[in-house]
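In what follows, a single structure is set out as structure tokens and then discussed.
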2 protein chains.
Amino acid sequence: MSHSPLYLELRTRLLALIRTGELPAGSRLPAERLLAERFETTRVTLRQALGQLESEGCIYRSNRRGWFVSPARLVYEPVRDYSFTRYVTAQGRVPRTEVLGFEEMQAEERVATSLSLPVGAPVYRLKRRRYLDNRLVLVETIWLNARFLPGLEKYRFDQSLWQVFGEVYDIELVHKQITITPTALIGEEVAALEVTSGCPGLHITRISKTAAGETIEYDEEYWLHDVLTIALSTSSYG
Amino acid sequence: MSHSPLYLELRTRLLALIRTGELPAGSRLPAERLLAERFETTRVTLRQALGQLESEGCIYRSNRRGWFVSPARLVYEPVRDYSFTRYVTAQGRVPRTEVLGFEEMQAEERVATSLSLPVGAPVYRLKRRRYLDNRLVLVETIWLNARFLPGLEKYRFDQSLWQVFGEVYDIELVHKQITITPTALIGEEVAALEVTSGCPGLHITRISKTAAGETIEYDEEYWLHDVLTIALSTSSYG
DNA sequence: CCAGTTTATTGGTATAGACCAGAAATCTAA
DNA sequence: TTAGATTTCTGGTCTATACCAATAAACTGG
């Protein structure tokens, strides 16, 4: 029986502090140097334990401000949920949306393919960041087929897009193709989410179509990995 | 403009070796000490770069044997796919299943709840490991409502369970409730998957029912995170 | 030729210390 | 009182080194 490595012991002791409520959800952990001293180890080893808990989704870091205890995960049902604001509110949490940019442009290849358009076709691009209980958890880029949404720039984008589709354009999106890939956040997304490079994340893409099969929306989302649990409930008859 | 940290530069250089085909999918990376020397840095910093690529799912490690380039991700469609063997084969990959144990037992609380049974009801428990192109990628525990599957112990478990359900018991599972949670692998799962603790993973649970609403199966799967992309294609009218 | 033992190699864990850069708190002068 | 400068605190990055444990390769005796 080989004994457990020190950093896993530290992980267990830290987790105990969280489970007992000594460090409640959302609270800040003591400084790394303090913890290292208290546990009689070095910062390097302590950080290994912290990284472990981060990977598990128990704690997260806010850029140079410290480590925090992760709150309960949000349940996301991609098949059913279409409004971030709505399903966040329904779970007793507080959503917030920040618009980073909106512009009309020409579809590049990847976007064109996803929207079933020729390269260079007119599309809108909307970039947003979303907060959960004031924590930045998601950055998304949405490309829209401009042909179906004339004058879209007149509307507000800090609320549900799908609501605008329905109320203004009488468009209902009933078909979705979704992919979910666990990965690490790098580059642009790191900057937008204000996290450290390599932070574990989820890459979710969504293509949405009308009942007639017209592709309206292509969405790319990058989530912090500890925020979500994905739930699906399906029936298949074949 | 602040310059990029060294470990991210190393990450980029390593990634270049992979992208150019100098290190093809499945191949082993040079030893850490060699790479550290070649890049004129220390093992500590080099390992930071390797950890980065591991989080992204570009490379993986095999216990004390070295680092390897991750092959392309497997596409898993939980709504449609029911046989690991089948969807792996369909994607031109080679599946393998290893049975770790099968026994009849009494349902503990979590299992009982999931199977809509009283605590202590008779259930079967099946533990399996699954390989993708000879790489161990998944460990699963399946609990089954014994009442619907008398004499199940007589059958082979290294193939599709659902096939047995259909052919022997005339049971077709059409309703599924699935949850997907990105996390890190620890404890039991680490041992079963022969990885290092804290290795990023996916926790997938599935509850399957017949058309009549009888809950037959409760499944808990732990996947290595770099193996999968999850795909969903849904239509909702309402 | 083979099975068992030894050795070398590899990643895994851990220490000790240094400096940097961003964020927050404090201080200071208008 | 407040806007701006300064200091302090925090995590982020990096070096250099050491030893451990599992694996794989080499060796050795039957």
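Hydrogens, waters and symmetry mates are skipped; everything else that's a heavy atom, side chains included, is used. In what follows, every chain begins at residue 1, and chains take the letters A, B, ... in the order their sequences are listed.
Among the nucleotides dT13(D), dT13(C), dT15(C), the one closest to the side chain of Thr42(A) is dT15(C).
A donor-acceptor contact under 3.5 Å is formed by the side chain of Arg33(B) with the base of dG11(C). Judged by distance alone with a 3.5 Å cut-off, no donor-acceptor contact links the side chain of Arg65(A) to the base of dA23(C).
Using a 4.0 Å heavy-atom cutoff across all strands shown, Arg43(B) reaches at least one base atom of the nucleic acid.
Rounded to a whole Å, the CG atom of Leu50(A) is 13 Å from the C1' atom of dG12(D). Rounded to whole Å, atom C1' of dG11(C) lies 12 Å from atom CD of Gln48(A). Distance Leu8(B) CG to dG12(D) C1': 11 Å, rounded to the nearest Å. Taking atom CG on Asn63(A) and atom P on dT13(D), their separation rounds to 9 Å, with Å as the unit. Put simply, CZ on Phe39(B) is 18 Å from C1' on dT15(D), counting in whole angstrom units. Summarising the geometry, the separation between CG on Leu6(B) and P on dC14(D) is reported as 5 Å, rounded to the nearest angstrom. Rounded to whole Å, the distance from CG on Leu10(B) to C1' on dC14(D) is 11 Å. Atom-to-atom, CD of Glu40(A) to P of dA16(C) comes out at 11 Å; the value is rounded to the nearest Å.
Residue Arg129(B) forms a salt bridge (Lys or Arg N to Asp or Glu O under 4.0 Å) with just one option from Glu140(B), Glu194(B), Glu189(B), Glu221(B), and that option is Glu194(B).
Both Leu46(A) and Arg47(B) lie close to DNA chain C; mapped to their nearest nucleotides by heavy-atom distance, the more 5′-ward contact belongs to Arg47(B).
Salt bridge Arg135(A)/Asp226(A): present, at least one basic N to carboxylate O contact under 4.0 Å.
Phosphate contact (OP1/OP2 of dT15(D), side-chain N/O of Thr41(B), threshold under 4.0 Å): present. Within the structure, every side-chain polar atom (N or O) of Thr45(A) is placed at least 4.0 Å from both OP1 and OP2 of dA14(C). Side-chain N/O atoms of Arg64(A) include none lying less than 4.0 angstrom from OP1 or OP2 on dC9(D).
Atom CD of Glu37(A) sits in a sparse spot, with 12 or fewer heavy atoms from other residues, nucleotides or ligands closer than 6.0 Å.
For Phe102(B), the ring pair (Phe, Tyr, Trp, His ring centres under 6.0 Å) test picks out Tyr124(B), Phe157(B), with sequence neighbours left out.
His203(A) and Glu220(A) share a side-chain donor-acceptor pair at under 3.5 Å.
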